[in-house]
There are 2 protein chains.
Amino acid sequence: MMSLESVPPKYAQLVQTIQRRIEAGTYAPGSLLPSENQLIQEFGVSRPTVVAALRVLREQGWIESQQGKGRFVRGRPALTSAEQPRLGQAYLTAPESTSPGEVMEAAALAAPNRIAALLGLAPKGKAFLRRRLVSRDGEPTELVSLWVPVEVSEGTDLTSAEPLPQGLRDHLQARKGVRFDHVVEQITARMPTAEETAQLGMPKNTPLLAVYGAVKDASGTALAVVEVLLPADRHELEDAYPIS
Amino acid sequence: MMSLESVPPKYAQLVQTIQRRIEAGTYAPGSLLPSENQLIQEFGVSRPTVVAALRVLREQGWIESQQGKGRFVRGRPALTSAEQPRLGQAYLTAPESTSPGEVMEAAALAAPNRIAALLGLAPKGKAFLRRRLVSRDGEPTELVSLWVPVEVSEGTDLTSAEPLPQGLRDHLQARKGVRFDHVVEQITARMPTAEETAQLGMPKNTPLLAVYGAVKDASGTALAVVEVLLPADRHELEDAYPIS
DNA sequence: CTTAGGCACTTGACCTATCAAGCGGGCTCT
DNA sequence: AGAGCCCGCTTGATAGGTCAAGTGCCTAAG
């Protein structure tokens with residue numbers, strides 16, 4: 001009788017075990033980790049297995065090693081690169097249904113200069129716009145616009161007035177076979193238009209924070225642009241990162 | 001006679017060699033890399049050495065591997081996490097002499113609420129402020145303020161009206177023995193004060209982009225806050241990152 | 001008492017193996 | 001001719017080693 005469930009490799013199990021012990025305080029930050037030989041004895045595995053696990057832990061920042069002395073516990077690596085997903089990325093992966101809101105617009109129209117430039121379209125080129133007014137605690141707080149070239153929008157559910165049950169990323173990847181590779185994000189600020197002031201219920205003389213996320217494939221071709229407009233009196237962008 | 005120059009380990013040499021071949025086109029993107037056995041024969045090393053090199057290359061994104069088929073060339077990995085250093089980090093590491101500017105203020109005073117909160121001080125707590133008006137192309141463009149708790153500022157050259165020849169990071173680490181670990185960055189926008197409008201020569205009704213970078217050590221204690229004020233009509237923040 | 005040497009323990013680098021698992025082409029049997 | 005099996009190639013995981021280099025302690029010699 002064969003077991004159908006695939007067990008993770010031993011070194012990966014060891015990684016998990018040691019991570020749990022560090023989190024539980026069994027291996028306290030700053031203290032010396034058991035040596036390779038001790039771990040070999042305790043877990044009954046060979047040295048390459050132990051070393052493989054410790055290498056993973058070092059690369060992830062849990063421990064650091066010093067030749068001749070041993071390996072020291074650093075603790076749970078707080079920041080890999082960004083604690084929380086960036087704003088642009090968040091709106092790409094999360095389904096629309098996770099944030100309550102109302103679809104304001106869903107149509108093909110001439111893209112503004114900035115959008116056309118990010119998408120690599122000719123000035124005044126046409127793009128498909130899907131704009132949602134997102135609410136938090138019952139109040140409108142953000143205007144999220146998705147711009148895609150018309151040829152990419154064909155055959156998708158972007159025209160629907162209903163929230164997409166699937167994240168945009170999965171939707172486009174499934175329907176169009178494109179692969180998202182990276183995001184180029186621009187952040188700027190400007191004064192809102194009268195229409196934006198009304199839609200967002202903003203006080204007078206408050207600027208808008210504007211985040212533009214251009215989604216590109218591996219070759220650098222732009223596949224979509226996410227535009228997020230945030231009233232600056234109610235929103236901030238926060239990000240944490242380690243120092244090189 | 002012993003050679004004093006230390007040679008890099010074999011697997012690291014192999015990594016470099018293969019990287020160069022990928023960049024030179026010898027191993028074209030999409031093509032199949034020579035198999036482990038072929039590399040063993042060509043370079044006269046053992047399998048673990050070859051595997052270690054290929055593991056590094058896979059983790060760095062140069063190649064991908066498929067069990068049963070082989071390893072495929074992907075090409076030079078474009079984005080590791082951020083192409084250019086973040087704004088907050090840039091002002092911490094670069095010496096002031098790299099950006100022309102004028103020291104406007106250098107004194108200890110009661111920190112504004114936001115700064116006090118980021119530094120972990122009591123409201124109205126005192127902090128040392130060093131404010132510079134940075135110019136590009138002869139025109140003032142950015143207001144860069146450095147806030148440090150008074151006890152950290154003691155024994156440093158922060159009071160000098162001259163540009164610091166050393167980066168702030170190196171200066172504080174050398175003088176005070178503190179170690180920078182990570183940065184928490186906040187981005188917001190607001191309307192400028194009359195004084196800021198005058199100093200920066202901003203047009204009417206233009207918002208300010210405000211970037212706050214709180215520098216912390218490994219324990220989370222704030223060591224300094226960098227405040228960068230940018231007129232939104234002339235500046236944008238741009239960042240690129242790979243999709244998870 | 002001080003210092004230099006030696007030894008034990010650590011990690012780093014490298015080697016020769018074995019077995020499992022995934023893939024693909026060719027051979028054989030129907 | 002077609003279908004299925006098998007074998008060889010690939011990577012993945014793991015075991016058992018050796019040698020080198022760095023650290024720290026202890027001891028013995030001055």
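Naming: A, B, ... by sequence-line order, numbering from 1 per chain.
With values rounded to the nearest 0.5 angstrom, Thr188(B) atom OG1 is found 9.5 Å from Leu230(A) atom CG. To the nearest 0.5 Å, the span separating CD on Gln38(B) from CG on Leu32(B) amounts to 8.5 Å.
Going from atom CG of Leu32(B) over to atom P of dC9(D) covers 15 Å, rounded to whole Å. The interatomic distance linking Gln41(A) (CD) with dG16(D) (P) rounds to 12 Å, in whole Å. Atom pair Phe43(A):CZ and dT14(D):C1' shows a separation of 17 Å (rounding to whole Å applied). Atoms CD (Glu64(A)) and P (dT10(C)) sit 18 Å apart, rounded to a whole Å. Taking atom CG of Leu33(A) as the reference point, atom C1' of dT11(C) lies 12 Å away to the nearest angstrom. Atom-to-atom, CD1 of Ile40(A) to P of dC9(C) comes out at 14 Å; the value is rounded to the nearest Å. Atom CG in Leu54(A) sits roughly 14 Å away from atom P in dT14(D) (whole-Å rounding). Atom CG in Leu39(A) sits about 16 Å away from atom C1' in dT14(D), given to the nearest Å.
At distances below 3.5 Å, not a single donor-acceptor pair connects side-chain atoms of Glu59(B) with backbone N or O atoms of Val56(B).
Sorted by first and then second residue, the pairs that involve residues 10-24 of chain B and meet salt bridge (Lys or Arg N to Asp or Glu O under 4.0 Å), not counting sequence neighbours, are Arg21(B)-Glu42(B), Glu23(B)-Arg76(B).
Closest to the Arg71(B) side chain, of the nucleotides dG12(C), dT11(D), dT14(D), is dT11(D). Comparing atom distances between the Val45(B) side chain and each of dC15(C), dT10(D), dG24(D) picks out dC15(C) as nearest. When each of dT11(D), dA15(D), dT11(C) is scored by its nearest atom to the side-chain atoms of Ser35(B), the top-ranked nucleotide is dT11(D). In this structure, the nucleotide among dG24(C), dC14(C), dT11(D) sitting nearest to the side chain of Lys69(B) is dG24(C).
In terms of position on DNA chain C, the residue among Ser65(A) and Pro48(A) whose nearest nucleotide sits closer to the 5' end is Ser65(A). Comparing Gly68(A) and Tyr11(A) against DNA chain D, the residue whose closest nucleotide sits nearer the 5' end is Tyr11(A). Each of Gln67(B) and Val50(B) was matched to the nucleotide of DNA chain C holding its nearest heavy atom; the match closer to the 5' end belongs to Val50(B). Toward the 5′ end of DNA chain D lies the nearest nucleotide of Gln38(B), the other residue of the pair Gln38(B) and Lys10(A) mapping further downstream.
No contact: Arg55(A) has no heavy atom under 4.0 Å from any strand.
At a cut-off of 3.5 angstrom, the base of dG12(D) holds at least one donor-acceptor pair with the side chain of Arg47(B).
The shortest distance between the side-chain N/O atoms of Thr49(A) and the OP1/OP2 oxygens of dA15(D) is below 4.0 Å. Within the 4.0 Å cut-off from OP1 or OP2 of dC9(C), not a single side-chain nitrogen or oxygen of Asn37(A) is found.
With sequence neighbours excluded, the residues satisfying salt bridge (Lys or Arg N to Asp or Glu O under 4.0 Å) with Arg132(B) are Glu96(B).
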